[in-house]
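Proteins get letters first, then strands, A, B, ... in listed order; numbering begins at 1 in each. Computed from heavy atoms alone, side chains included, the values below leave out hydrogens, waters and symmetry copies.
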Amino acid sequence: MIADPTLLLPLAVLWPMLLAGLALLPGWGSRMVLLLPLGPLPALAAALVASRDVPVALPGVLLDSGLELGATGALFLGGAATLWFWAGVYAAFYMRRDERPAGFALFWNLVLAGNLGVFIAADIVSFYVFFALVSLLAYPLVIHDRQPASMRAGTVYLVLAVCGEVAILVGLMLASFGAGGAIGIEAVRAGLALPSAHPAAVPLLIAGFGIKAGLMPLHVWLPVAHPAAPVPASAVLSGAIVKAGIFGLVAFLPLGMPAAVAGNVLMILGFSGLFLAALMGLAQAGAKAVLAYSTVSQMGLVMGVLGFALAGGSAPAAVLPAVALFALHHGLAKGALFLGVGLAPVCGRAWRWGLLGALAVLGSSLAGMQLLAGALVKSALKDQAGAFGATLIGLSALTTALAMARCLAVLPRAKSRCRPPLLMALPFLALSGAALWLPWLLYARITGETPLAADLRSLIFEAWPLGLAALMIAGAVAVGLKAPSLPEGDALGPVQRRVAALSAAARAAERAGSRSLRRSRPKPQTVIGEDLDRIEDVFREGAAAAILVLAIAGAVVAASLI
Amino acid sequence: MVTGHVYALTGAILAGLGLFAFIILRHPLRQLLAINVVGAGIFLILGGLGRGPDATDPLPQALVITGIVVAVALTAFGAAMIVRLAEARAATNAATRPDGGKPVP
Amino acid sequence: MMTFAPLLLVLLPVVAALVSFALPERLSAWRNGANIGVAFVKLLVVAYLLVQAQAGVVFEWRYEFLPGYDFVLRLDPLALLFVTLSVFLWLLTTIYAIAYFDRGPNLPRFFGFFNLCVLAATGVAMSGTAITFFLFYELLTLATWPLVAHRGDDKSLRAGQIYLTYTLAGSVAFLAGILWLQSLVGAIEFSAPADLGAIPPLTLTLIFILCIGGLGVKAAIIPFHGWLPEAMAAPAPVSALLHAVAVVKAGAFGIVRVIYDVYGIGTVAELGLGVPLAALASATILYGSVRALMQSDLKKRLAYSTVSQVSYIVLGASLVGPFAVIGGLVHLVHQGIMKITLFMCAGALANRMGIKAIAELDGAGRLMPVTMAAFSVGALGMIGMPPVAGFISKWYLGVGALQSDAAWAVAVLAGSSLLNAAYFLPLLYRAWLLPPPPGRPAIAELATTRDRMLILPAVVTAVVSLGAGIFASLPFSPLGWATLVGLGYLR
Amino acid sequence: MSPLDLLVAVPLGFMLAALLSGRAARWLILPAVPAMAGLALWLALVPPDAAYLVGHWDLPLGILLRPDGVARLMVAATALVIGAVGLHALVDPPEKAGNAAQAETFWPLIYLLWAGANAGFLTTDLFNLYVTLEMVSLAAVALAAMGSLEAALRYFMIALVGSLAYLLGVALLVGRYNTVDVTLLSQVAQPDLATMLALGLMTAGLLIKAALFPLHGWLPPAHAAAPAPASALLSAIAVKLGFVILLRLWFEAFPAVTGPTALHVLGGPGALAVIYGSVQAMRQQRLKALVAYSTVAQVGYLFLAFPLVAGAPDPSGAWAGMMLHAVAHMLAKAAMFLAAGLMLKAAAGDRIGDLGGLAQAMPLTVTAFGLAAVSLMGLPPSGGFTGKFLLLNAAIAQGAFLYAGVMILGGLLAAVYFFRTLSACFAAGPAPREPATRGVCTAAPLVLAGLAIAMGFGGSALHNLSAIAAPWAAPGAAAP
């Protein structure tokens with residue numbers, strides 16, 4: 001039907017926008033919620049069949065933009081489209097009786113368009129446009145239920161998102177300038193690798209994308225925002241939208257050219273996030289919050305590896321496929337986990353055990369349980385992380401497993417005898433299946449190695465952190481250990497309180513200042529005015545005129561004599 | 001010293017006196033008279049300086065005659081205004097007096 | 001025949017003004033028709049001129065109004081950029097004003113001066129000599145005053161006084177500047193910068209300060225911005241026009257003219273005048289944003305936002321790099337379209353729901369969704385959110401700043417973007433996310449013709465500002481045109 | 001026949017007719033306006049070297065009438081102003097309640113003023129100028145007396161002092177050179193003490209007539225108290241005659257006597273007048289007093305121009321600026337007084353604060369006031385602006401930054417007080433007393449103000465007109 005598969009690329013972003021537009025029609029809101037799964041279909045098709053590395057020019061749009069699907073982008077695109085599709089199915093059912101269907105459908109589709117567009121943008125301007133779209137319009141999804149907690153979360157999200165946008169914008173400007181004004185992503189990345197590149201460009205980009213991807217000190221929005229959204233939205237937020245940040249790093253970090261400072265900083269922040277976030281996740285009371293911290297942790301892992309690659313100057317061709325594969329797995333698995341958490345309240349007795357089992361498998365896969373897809377993708381990453389990084393990744397299995405256990409422990413209870421509806425269960429199962437199967441399918445094609453090349457013994461030996469985790473979990477359950485509790489968003493609360501105090505102080509100071517300015521002053525006008533009146537009275541006398549006539553006549557004579 | 005210069009000097013003194021009077025006097029009628037004295041002085045100067053050694057120059061004479069006509073006209077006009085003003089003041093005073101403001105004969 | 005085209009653009013509003021003044025209130029339908037009709041004809045003329053100018057034709061009309069001093073109307077690409085903006089927005093604002101006032105008092109006067117105001121704005125754009133520019137610039141001051149003081153209450157009158165005090169002081173400074181320069185190089189034509197080589201740098205600098213200081217009053221550069229927030233006492237259509245096209249833009253446009261057509265880029269760079277001006281513009285950008293953040297009145301906040309945004313133009317012009325120039329010029333248009341959207345929406349809110357303070361915006365999005373949607377587009381554009389047009393300006397300004405070795409200006413842009421977000425997003429938050437006060441009914445925004453005339457202009461400008469962003473690289477887009485202008489200067 | 005003598009004779013004839021026709025005198029303005037306008041136009045078009053000797057007596061005894069650029073401009077402006085004011089007064093006679101006879105005295109007086117002013121602008125004979133000066137003064141005092149006798153008497157006394165000082169100067173010149181013709185004097189004048197003294201006395205006397213600060217004391221009370229049409233004529237025409245005679249003295253008769261320093265004796269008070277008049281105008285609470293003080297300030301510009309004309313390498317610009325300023329002031333100030341008169345009739349009181357609501361009630365009159373104000377403030381496009389522009393140009397070109405600064409400051413101060421007035425008109429106020437005025441009444445100030453604005457578009461033509469037979473253009477008579 002479509003003659004040129006490259007036309008799928010524009011369609012991939014325009015189609016969701018069209019759906020979004022339809023949601024604006026009066027009364028079409030709930031109808032469009034039902035059509036949510038349709039949004040990512042062109043993108044899915046594009047990821048499968050569109051030609052790789054063939055630019056599609058869009059003359060006249062923005063700064064003569066273009067779209068292009070690279071190999072890495074295709075993985076991101078395909079994974080995101082899959083997740084969005086199944087989340088859409090889930091949402092179509094989950095949100096069917098929502099109060100605000102039009103708003104949900106509108107922003108869902110717009111964010112979808114932005115999210116997919118990020119992966120296929122060929123130039124930085126359209127990239128930035130899509131990034132802003134996905135970044136800022138996710139805000140309405142976060143606050144969809146309008147609960148006070150969600151609103152607070154949304155505000156935090158928005159503030160950091162805007163800061164991130166600005167950092168990225170400035171970073172891209174610096175980068176584009178460094179590349180001689182070029183706006184093609186490849187050219188800009190090449191420009192960043194040059195020694196003449198502006199020293200602030202890469203750090204700004206890292207900060208901007210890091211905010212989106214939950215880089216450790218900038219992650220505070222993520223654990224509050226992801227759980228606040230409705231379940232399907234949480235799934236895409238954590239599964240697909242954070243990947244926009246990762247993809248930004250993938251697209252712009254000048255890999256292949258050693259950049260020690262930026263790379264090491266990114267690596268340290270990433271790896272510390274890997275552990276700290278998982279530990280903080282342990283202390284969460286809500287299952288979705290735990291999952292959100294787990295996302296921070298896993299993204300920390302990816303960014304740590306990217307940082308290592310950046311510092312070491314690894315070739316992009318080696319690093320990126322591994323990163324893409326990991327992102328694919330994490331996106332699908334995390335999406336499935338969120339959907340699973342959403343299923344928990346509707347899973348009665350027997351169903352609950354099934355759900356717990358499925359979640360445990362997914363969790364183990366995330367933690368890197370041998371023979372599951374997670375181990376596969378992690379092994380691909382370990383190859384690129386150096387010895388130390390590989391050790392850290394191995395160790396992280398412990399914390400991740402603990403976090404996953406925590407998630408299962410705090411899973412919401414269901415009323416007895418509930419039965420999950422098919423349209424909610426199916427997406428969960430489909431995503432779980434995809435998460436566990438797709439990496440196996442793609443591993444060889446992407447990395448060029450056969451899966452399970454290593455021998456079984458070393459595999460089992462490497463699993464010791466997981467074993468330790470299992471022991472710890474068993475022990476905790478046995479003694480009834482209660483996890484410590486931390487508020488969502490850890491450092492956020494204290495910061496917010498201080499900001500509020502400072503702004504109150506500033507307002508008070510301003511009020512005091514304007515009061516002191518308003519004090520009445522004596523009026524010099526009246527004093528001078530009276531003098532002027534007296535002077536004027538003198539001039540009105542004929543005598544004065546006569547004298548002045550003499551004076552002026554004298555003055556003319558005197559001046560003429562000079 | 002030529003006779004003309006005597007006239008001119010006298011005229012200058014007259015003008016000066018008139019000016020002095022104009023400056024120190026306040027009543028408009030007196031001021032008007034002072035100005036007439038100045039005018040007379042100036043005409044004397046004009047006539048005196050125009051008086052040549054041999055023949056009388058017609059120009060200053062014509063000027064003096066014209067000037068005197070103008071001065072007379074202006075003096076009359078000024079005097080009329082002063083009278084009018086005095087009448088108006090009297091009327092105002094009468095109007096504000098308790099006896100109802102009959103014109104003063 | 002078409003050498004009279006520039007003159008036609010000046011005379012058409014005169015016709016509309018006279019008709020407006022002359023027709024009594026009971027013939028208001030005729031007046032409205034004449035206003036819209038003339039505005040539309042003007043738009044057609046401009047469209048024709050644009051096509052011609054694209055082909056390189058430069059229209060010029062000349063008249064010696066004093067020996068040695070010509071009155072010149074010249075339609076170079078830069079002039080057309082501003083003319084197109086003002087003519088287009090004038091049409092929309094006229095429609096909006098007709099709906100806004102409906103049957104208020106003193107409308108003949110209002111529309112008469114309204115036309116004169118736009119006449120002056122187009123005249124400023126088309127001026128080919130410094131003295132012509134000054135003539136129209138002053139006419140603008142005068143024609144705007146009755147509009148600012150239109151309501152006749154104490155607040156408006158005070159605003160009018162303040163407006164005049166500032167702008168007239170600015171005008172005389174500017175006049176002194178151009179006279180001084182004229183005494184040194186003769187009449188100043190904008191077609192090519194005069195040869196300033198023989199003049200001592202100190203004199204040139206002083207003249208530059210006089211000119212820019214004078215123009216800076218209208219462009220609301222600190223510390224000369226005080227009049228702008230006060231002028232908010234004017235009715236909404238006036239604020240819209242004042243902020244978007246007429247007054248502040250005339251100032252900014254004048255600064256562009258002075259830098260590029262009077263001094264020339266080379267001289268400005270030689271004298272080292274660009275950087276201080278850019279620094280001043282930057283200070284204005286940040287200060288205006290901070291002050292906007294502190295306002296609790298909707299129009300005041302928008303006003304301070306204008307203070308901040310107009311200095312983007314000045315910043316771009318003073319950085320004298322290829323991208324910066326284009327960014328500044330394109331922002332001249334983009335800011336106009338976006339800010340007029342905001343003001344028309346603010347006026348509609350005040351008109352239909354009595355909303356003036358920001359705190360009253362709660363739930364406005366639910367009660368007047370179309371208006372608030374347009375408002376949101378404008379606000380996002382002001383923040384620089386893609387794909388609204390404001391983003392394109394910021395992009396060019398940022399890269400341009402880097403080209404001119406002024407990385408600090410990028411920091412200013414970034415800080416300003418954050419501040420913009422900080423003062424615009426809460427508005428959107430209130431309007432869309434907070435519940436409306438109980439008992440307030442939804443407004444039928446599109447029920448009658450008048451309602452539609454009140455809302456649709458803002459919708460049109462909102463759509464245009466989106467379009468100007470999304471299709472920025474088309475030849476007749478603001479960016480395309482600004483690039484044409486900018487390249488002309490850099491050749 | 002020549003327009004030169006007719007311009008003097010015809011108004012005199014009308015004056016006699018007006019005196020004889022009593023209550024019907026007002027209708028004489030109808031034939032007078034086209035007749036005088038035609039003559040003024042004729043004058044504007046006569047060849048540059050046209051001249052007329054009254055009674056065909058040769059110089060030095062005869063009286064030469066000469067249509068140079070100054071005369072052409074001033075005569076035309078006078079015709080416009082008196083014509084418009086006359087038509088205005090025809091419909092709305094200037095009389096106090098219960099004093100119908102006043103209106104009758106108005107008509108002969110304006111013809112006297114017309115004749116005197118025309119004669120004064122055209123003649124170059126210093127003694128003849130004295131006579132015209134007295135004619136104009138007489139008419140002016142009588143016009144002022146229609147409002148306040150007291151102010152008129154004060155004006156009269158001070159004016160007499162001025163006349164006598166001028167006359168004394170003439171006497172000295174007659175004694176020294178035995179001629180009173182400007183052209184002859186310029187050929188024989190020597191820079192000796194007698195000449196200087198004569199020049200000084202004449203200058204001082206004329207400055208009284210022209211009301212230059214600090215000799216302006218008589219003007220504000222007289223102009224503010226007179227009926228509006230009378231004030232219009234006083235401010236527009238009476239003060240200009242003194243100015244024109246000073247031009248003749250300083251630039252035509254004695255350019256060789258006066259040094260550059262002496263010119264600042266005129267320029268300095270001129271600058272002070274701009275500031276002082278503006279400051280006083282800003283302080284006024286009554287509308288007409290404000291307008292009157294604005295005249296004080298505007299006269300300042302005319303004299304501030306003296307050193308600029310003399311100091312310019314090519315004086316044509318400054319000269320034209322000065323003349324344009326004078327003419328624009330005539331038109332604008334007459335318009336403003338007429339408009340102010342109409343506004344005060346409708347307003348609740350004569351204070352500026354009482355003007356509220358007028359912008360709605362009488363938009364055309366307020367427009368006329370506004371347009372006149374634009375020209376007086378020197379805002380473009382207007383004759384006032386063109387004049388000020390040329391003067392500023394000259395000032396800056398010759399480095400006279402002090403004068404330039406004063407001119408700029410003066411414009412700003414004018415804006416302050418005029419816009420205060422306009423603001424007051426815009427304010428909400430009580431319903432005006434007499435909302436409807438008749439067409440001609442409204443049209444007269446509007447036309448005058450419109451002409452002042454229109455001058456801004458015809459700068460080149462007026463510039464060339466002002467240059468006809470200008471003193472600086474004549475070889476050998478250039479300014480020092």
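- Looking only at side-chain heavy atoms (C-beta outward), Val556(A) and Met202(D) stay at 4.5 Å or farther from each other.
- Looking at Phe254(D), there are no atoms closer than 4.5 Å to chain A (heavy atoms on both sides), in backbone or side chain.
- When the shell of 6.0 Å around CG of Leu402(D) is examined, it contains 12 or fewer heavy atoms from other residues, nucleotides or ligands.
- Only the side chain of Leu193(D) comes within less than 4.5 Å of a heavy atom of chain A; its backbone N, CA, C and O stay farther away.
- Gln187(D) CD: more than 12 foreign heavy atoms inside a 6.0 Å radius.
- To the nearest 0.5 Å, atom CD1 of residue Ile552(A) and atom CG of residue Leu212(D) are 7.0 Å apart.
- Heavy atoms of Pro214(D) lying under 4.5 Å from chain A belong to its backbone as well as its side chain.
- Here the options are Ile158(D), Leu215(D), Val161(D), the test is side-chain contact (heavy atoms from CB on, under 4.5 Å), and the partner is Leu548(A); only Leu215(D) passes.
- Neither the backbone nor the side chain of Phe156(D) comes within contact range of chain A, judged by heavy atoms closer than 4.5 Å.
- Using a 4.5 Å cut-off on side-chain heavy atoms (C-beta onward), His216(D) and Glu536(A) make contact.
- Contact annotation for Asp533(A): both backbone and side-chain heavy atoms come within less than 4.5 Å of a heavy atom of chain D.
- Expressed to the nearest 0.5 Å, how far CZ of Phe539(A) lies from CZ of Phe213(D) amounts to 4.0 Å.
- Contact tally against chain A (heavy-atom pairs below 4.5 Å) for Val279(D), Thr261(D), Leu207(D): the top residue is Thr261(D).
- With chain A as partner, the option from Trp218(D), Tyr293(D), Tyr155(D) having the largest number of non-hydrogen pairs under 4.5 angstrom is Tyr293(D).
- When all heavy atoms of Ala262(D) and Ala559(A) are compared, the closest pair comes out as CA-CB, 3.3 Å.
- Both the backbone and the side chain of Leu201(D) come within contact range of chain A, each with at least one heavy atom under 4.5 Å from a heavy atom of that chain.
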